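Notes for the one structure printed next.
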Amino acid sequence: MLGLNRKDTILMLIVIALTLGAPVLLNPFPADSAMAQFNAGYPDLMQRFVIFGILAIGFNILFGLTGYLSFGHAAFLGVGSYAAVWMFKLLSMNVVPALVLSVVVAGLFSVLIGYVSLRRSGIYFSILTLAFAQMSYNMAYSVLTPITNGETGLQVYSNDPQYLLGNGPQVTHLFGLEMRAKAVVEMGGWTFDFSVGYYLAAIMMLAAFYLSLRIFRSPFGMMLRAVKSNQNRLNYTGINSRPYTLAAFVISGMYAGLAGGLLASMDPLAGAERMQWTASGEIVLMTILGGAGTLIGPVVGAVFIKYFENIFSKINEHVLHGWFGWLPDGVEDVVTWILARFVGEGWHLTLGLLFMLVVIFLPGGLVEGGQKLARLLRRSRPDGTTPSNTPAE
Amino acid sequence: MTKNNFSRRGVLKTGAFAGAGLAMPTIFTASSASAFTNAPSGSSVKFGFNVPQTGPYSEEGLDELRAQQLAVEHLNGEGDGGMLNTFSSKVLDGTGILGKKVEFVTGDTQTKSDVARASAQSMIQKDGVIMINGGSSSGVAVAVQGLCQEAGIIFMAGLTHSNDTTGKDRKANGFRHFFNAYMSGAALAPVLLNAYGPDRNAYHLTADYTWGWTQQESIQASTEAIGWKTTNNVLTPVGAGDFSSYIAPVLNSGADVLVLNHYGADMVNSLTQAVQFGLRDKMVNGKQFEIVVPLYSELMAAGAGANIQGVYGSMNWNWQLQDAGTQAFVKSFGEKYGFPPSNAAQTCYVQTLLYADAVTRAGAFNPCAVVEALEGFEFDGMGNGPTLYRADDHQCFKDVLVMKGKENPANQYDTLEVVEVTPAAQVTYAPDHPMFGGAEASLGECNDGA
């Protein structure tokens, strides 16, 4: 279907099913139970899952295919957000012009940075992109305050021009359909939120995923892989590889711009820290954690990190005491004290440990873990079909 | 692309799917009709405490969290009741709020607007909180305040000192108990006039972001009103670490006072380096060179050590005050945690109690009723003397403390001494003051999310 072979079609269908069913799948525990702490099925977090998924998919087109490690991708995310919020301030709260402009602006910005940075490869390329991103961050934080509103972050005020607003809604919307509108379905003890904002972001992510699938399977994708395996040899055969790497860089910058625009559409505020180097590092982490160079890996990594950031950081000592209240007093204090180091303000520690485990034991990321598991299950089956040797995609 | 197998049927099929996909969201209409956002049902009500637990201001954030937990205990009738015993309004009796037990959830803002909004969103959407309290930086406070306004819940700001929070970014659903940069300037100026005289040249080093600018603007205005001249204002990047290249030019500028508009680790570094350069031993224009740090905190004072001795600054509150409210709070905080609370802790504690009190007086959790109860509310017994929550901009007006680094500290918490308590009248300004957004700034309509 749609130019995909059978295997890719299945993958695409699985991704579609998971994405559209997320509001139900991510809320496995009844709302009143103690385990509800681990539910992730509320609109804001689900939106973050798919938006950062788009970001990581785009990053993977550059890093996974060409091997160029950009440490400055957050700059495009930030530029996209600023562009989107400016559209809200100048035109109206409709997300369409905002998303279009954020992709265009991020694309132009990435042509600029890519043109300079791609003159070098390897570590020098990484440092150049890092320098550009950090420069953008510092400028957005102070010098460019008239455009970015500095530390406070760019937001929409009631006295902004908004030339096309008329009587339209004051909140972000898609032709009148408000992003924050949602249908709440209650089933027994379970509550499911189906929100417009999430489904818009989810459809965008599916489109982004499909495009990335086609790029991976195209001759263009093959050329990018050739750059990764041996760029010198490619150059010696007389092929100029720079247009290919620049194209990959710009495509991945536009993905980041789309993600930034979507973030602003869900919540019309753009802060400078979106461009900070830690944000760029987070994108790299997502991709590596999930599995660089695989199709689904970056999305898995993005979901994983955002889940930790939002769920584990909210488990405080108070909650732990609630869980372990049944233990004898002395033991309870020791258990909660130890666990408290890993949750609440210590969530970074848990994430760090997991990252180490993944890098050491699963160099191919969480996707490799899944494949190993699948192979193990297949081997234990009596009919003894041999596992296929095709590499991970 | 290799294959372009677009058939008429294929295109039609795709079109049909796409159409169905686009039409799907139209089945969603606005959410189920409840009276207001997160109306509490059952026997409990939930607060959200959104503070930085990691990052540069985590010390302040964790201290805020301790105070907020203490406030919840007192509201639920556990512990000794703290400031509930001294608070001028007596409607809170330690049985929760309107008979509902108070529960809370916590979140980590990392001092980043984005993360803070995500954390606040999860509190609103997932945990169903009715009020959010916290924030250890003005950028975060403004961002979360805007979110609470849109979502239709109440925001009780924590540590935020920028004029903008209740100035051009003021919101109907947001309230600030902490003082602001303008008040710092207005309180400091008379003390500086007495100590250093009217004929001084000030050199400003200012953190290059919104808070730094509003503070610099405020201090410059109030020192120029007492006859000082401003030699120069140099903007420094946030988190610079090394300020020596900014301090060296001060020596030859002819200025005899250095004003450090820095906060947190930046202030510790710049002050330490200024002292190491020997600025305070210099004589310029026949006068002793002096340093001023307009916004003090206990944690910064502890970080800068002996360098702050004799340096003037301002604070919202200090644990060494002798009134009954302060003593009750310091006692219960000290008994629980073993050290005195910071002024960030006090503001969050008071904000939590004030919210609970407003709900009880209004007899409803509806945000608009709470806004009405808090607007123009006058109270006492919370450690700051008689205080007014002004209706025009939701800013508290109360006495401001002018502090000085202590010459001979008795212990590690005894770093600052109160020089003067500037009365509220002296730091009061008009709601449409140009530094606070002028006539254009408005609270907007109260939003209950219905």
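What you are looking at is a predicted structure, and each value in this text was computed from that prediction instead of being measured. Within every chain, numbering begins at 1; the chains are lettered A, B, ... in the order of the sequence lines, protein sequences first and strands thereafter.
- Shown here for T278(A) and K112(B), the closest heavy-atom pair between the two residues is OG1-NZ, 3.6 Å.
- For the set S137(B), S58(B), S122(B), the count of heavy-atom pairs under 4.5 angstrom toward chain A peaks at S122(B).
- Applying the side-chain hydrogen bond (donor to acceptor under 3.5 Å, both in side chains) rule to T106(B) yields the partners N316(A); only residues at least two apart in sequence or on another chain are considered.
- Most heavy-atom pairs under 4.5 Å with chain B: of the set Y141(A), W347(A), Y42(A), this distinction falls to Y42(A).
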From CA spacing to verdict: side-chain contact (heavy atoms from CB on, under 4.5 Å), E273(A), Q110(B):
CA-CA 11 Å; E273(A) 62 268 14; Q110(B) 302 178 29; over 6 Å; no
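- Contacts between T148(A) and chain B at a heavy-atom distance below 4.5 Å are absent for every atom of the residue.
- Inter-residue side-chain proximity for S142(A) and L235(B) is flagged as unmet; no heavy-atom pair is nearer than 4.5 Å.
- In this structure, the separation between CD on E150(B) and CD on Q170(A) is 10.5 Å, given to the nearest 0.5 Å.
- Proximity to chain B (any heavy atom under 4.5 Å) is restricted, for Q37(A), to the backbone atoms N, CA, C and O.
- Looking at Q69(B), neither its backbone nor its side chain comes within 4.5 Å of chain A, counting heavy atoms on both sides.
- Interface remark: of the candidates L263(A), N310(A), D44(A), N149(A), D44(A) forms the most heavy-atom pairs closer than 4.5 Å to chain B.
- Every residue two or more places apart in sequence or in another chain that forms a side-chain hydrogen bond (donor to acceptor under 3.5 Å, both in side chains) with Y263(B) is listed here: E60(B).
- Heavy atoms closer than 4.5 Å to chain B are found in the side chain of Q276(A), but not in its backbone.
- In this structure the side chain of I311(A) reaches within 4.5 angstrom of the side chain of K126(B), judged on heavy atoms.
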